[in-house]
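One structure is given below, encoded as structure tokens.
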Amino acid sequence: MPPDSSNRRRIGQSLLGRSGATLIVLTIIYAVAMSAVMRELPRAEDLSRLGTTLFLACGLTSIGLLLRYVRWRWLLARHHQHTSFLAGLPAYFAGFALTATPGKVGELLRIRYFSQMGVPASKVISCFVFELSTDLVALMILSVPTVIRIPATMYALVFAVFL
């Protein structure tokens with residue numbers, strides 16, 4: 001039996017609070033470690049010039065991840081599964097913790113968190129497969145300029161399309 005809406009809200013707020021607290025603690029640890037490393041490097045002034053570039057890269061990456069989450073919510077809505085935007089955000093990002101696993105199956109960790117919000121595992125798996133498929137199509141489109149310049153890579157593209 002799926003949890004009622006008040007239970008969903010409580011779970012989402014709890015997950016969001018813990019995720020936020022963890023992010024703050026990790027950010028502080030990272031900042032302290034980076035300041036210690038920067039003092040020890042003889043070329044630290046060269047790295048400090050990268051600040052704007054790194055800030056811009058982090059911003060663009062954050063926007064990209066947020067857009068992926070919006071797509072994920074759209075996919076869930078197509079399955080008539082509605083979750084709170086803020087409650088689903090850390091549940092979605094938790095999947096990226098194990099994204100380096102073969103086939104990205106570590107992203108299925110999301111099942112654990114979305115099931116607590118009343119979303120069946122079958123719906124999460126369906127959205128996951130669709131998301132991976134669209135990622136593959138995007139990568140194939142991005143690889144077209146390489147295929148044009150290096151014809152031998154055509155075999156790799158044909159193999160990917162075949163799969």
Side-chain angles (χ1 to χ4, degrees), residues 1-24 26-27 30 50 52-163:
M1 175 177 251
D4 62 9
S5 64
S6 64
N7 193 25
R8 284 186 197 175
R9 192 174 314 116
R10 183 182 53 76
I11 290 170
Q13 289 171 347
S14 172
L15 182 60
L16 184 63
R18 285 183 288 167
S19 299
T22 302
L23 179 63
I24 289 169
L26 290 176
T27 302
Y30 176 75
L50 292 175
T52 304
T53 304
L54 290 175
F55 182 75
L56 182 61
C58 287
L60 290 173
T61 300
S62 297
I63 290 169
L65 290 173
L66 190 60
L67 289 174
R68 287 179 66 113
Y69 175 61
V70 168
R71 177 180 64 183
W72 180 266
R73 284 183 47 83
W74 175 78
L75 291 170
L76 284 178
R78 302 270 306 177
H79 286 294
H80 308 290
Q81 301 295 318
H82 301 282
T83 60
S84 162
F85 186 87
L86 290 177
L89 190 63
Y92 178 74
F93 287 145
F96 291 121
L98 298 171
T99 194
T101 55
K104 297 177 86 171
V105 292
E107 289 189 34
L108 290 176
L109 175 69
R110 294 181 183 128
I111 292 173
R112 177 177 188 260
Y113 298 113
F114 279 101
S115 66
Q116 293 174 353
M117 290 181 255
V119 179
S122 62
K123 305 300 182 189
V124 175
I125 292 170
S126 173
C127 293
F128 169 75
V129 169
F130 181 85
E131 189 174 36
L132 282 183
S133 301
T134 57
D135 288 350
L136 181 62
V137 169
L139 286 173
M140 284 193 281
I141 290 169
L142 289 171
S143 70
V144 168
T146 303
V147 169
I148 291 170
R149 292 190 70 203
I150 306 169
T153 58
M154 177 60 80
Y155 300 117
L157 184 61
V158 169
F159 181 69
V161 169
F162 174 74
L163 288 180

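Excluded from the calculations below are hydrogen atoms, water molecules and symmetry mates; all remaining heavy atoms, backbone and side chain alike, are included. None of these values were measured; they are calculated from a predicted model. This chain uses plain numbering: 1 for the first residue, then up along the sequence.
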To the closest 0.5 Å, what do you measure between [atom1] ([X]) and [atom2] ([Y])?
X: Leu67; Y: Ser62; atom1: CG; atom2: OG; answer: 11.0 Å
X: Met154; Y: Ile148; atom1: CE; atom2: CD1; answer: 8.5 Å
X: Cys127; Y: Arg73; atom1: SG; atom2: CZ; answer: 11.5 Å
X: Ile111; Y: Ile125; atom1: CD1; atom2: CD1; answer: 4.0 Å
X: Tyr69; Y: Leu76; atom1: OH; atom2: CG; answer: 8.0 Å
X: Thr134; Y: Leu139; atom1: OG1; atom2: CG; answer: 10.0 Å

Between [X] and [Y], which heavy-atom pair has the shortest distance, and what is it?
X: His79; Y: Ser126; answer: NE2-OG, 3.1 Å
X: Arg71; Y: Asp135; answer: NH2-OD1, 3.5 Å
X: Gly88; Y: Thr83; answer: CA-OG1, 4.5 Å
X: Val124; Y: Phe114; answer: CG2-CB, 3.8 Å
X: Ala94; Y: Leu109; answer: O-CD2, 3.4 Å
X: Ala91; Y: Met117; answer: CB-CE, 3.5 Å

Legend entry - Any donor-acceptor pair under 3.5 Å from Tyr92 side chain to Leu66 backbone: no
Inset, instruction - Dump the intermediate steps for side chain to side chain contact (heavy atoms under 4.5 Å, CB included) on Phe128 and Leu132, then the final yes or no. - result: CA-CA 6 Å; Phe128 169 75; Leu132 282 183; 3.2 Å; yes
Legend entry - Arg78 vs Trp74 side-chain heavy atoms within contact, under 4.5 Å: yes
